[in-house]
Amino acid sequence: DAGCGNGYFSRKLAQKGAKVTGVDQSNTFIKFCKQKEQDQKLGIQYYALGLEDLYAFEDAYFDLIISNIVFVDVLYFEQAFKELARVLKPSGRFIWSNLHPVFARITNVFYKVPKDTPRNEERLYLLIDRYFDTGGTLVSWGTMQPIWQFDRTLSEYSKALKEAGFLIREIIEPKPENELIKNYPKQLAFDTDRIPFFIIFECIKAN
């Protein structure tokens, strides 16, 4: 689990029978994960490491690498891809999700009438511009400290994956089922039935 955060996805995988290793550069997150592991004892190993330097693992170590909405926060993403390719077995898979590079940028704005309406039905369309202006934006969610979030084009991700030795096997732009939207309209207020706000890549090694 590359960029495991608080370990939620690591624990989900372990509960399904996977032998899991969680990696995150945040010492605070890893400390929390280890405390949860002491309580639940799922056999998960956690390491405080940046994805750009996975020195704790030998070449061709992992069967599968997953990363859940992490690379929007990774500055040196090209080097991270190379390190993940190094520690992945030749027959392995690298599956990672991210905020959609086109539709989920912080600078994108929904045109609404009236402008301050909270109703999804009154969001007419999404204004998208300056797609090629890539780089970091300092953002803050709720009461958390501001963090850097990085906008990149699909071409930049594709080129970095290729240079790391990956081939893109499949791209998925997930859409919630209609029943889920009906049951949770406010939780799905990102209009995910109209626009893909997330993207999933399944990658394999070129060899």
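Positions are given from 1, in the same order as the sequence printed here.
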Would you check if [X] and [Y] make a side-chain contact, meaning some heavy-atom pair closer than 4.5 Å?
X      : Y     : answer
Thr21  : Asp1  : no
Phe150 : Leu75 : yes
Cys4   : Phe9  : no
Val23  : Leu51 : yes

Can you name the residues that form a side chain to side chain contact (heavy atoms under 4.5 Å, CB included) with [X], not counting sequence neighbours?
X      : result
Lys162 : none
Phe132 : Thr153
Gln25  : none

Taking the six-membered ring for Trp, are [X] and [Y] ring centroids under 6.0 Å apart?
X      : Y      : answer
Phe62  : Phe57  : yes
Phe197 : Phe103 : no
Phe94  : Phe201 : no

Is a salt bridge present between Glu202 and Arg169, judged by a nitrogen-to-oxygen distance below 4.0 Å? yes

If the test is side chain to side chain contact (heavy atoms under 4.5 Å, CB included), which one of Tyr157, Phe77, Phe198 qualifies with Asn98? Tyr157

Give the minimum heavy-atom separation between Pro101 and Tyr131, together with the two atoms involved. O-CE1, 3.6 Å

With hydrophobic residues grouped by side-chain heavy-atom distances under 4.5 Å, do Ile44 and Ile65 end up in a single group? no

Asp63 and its salt bridge (charged side-chain N to carboxylate O under 4.0 Å, His left out) partner, picked from Arg93, Lys205, Lys89, Lys19: Lys89

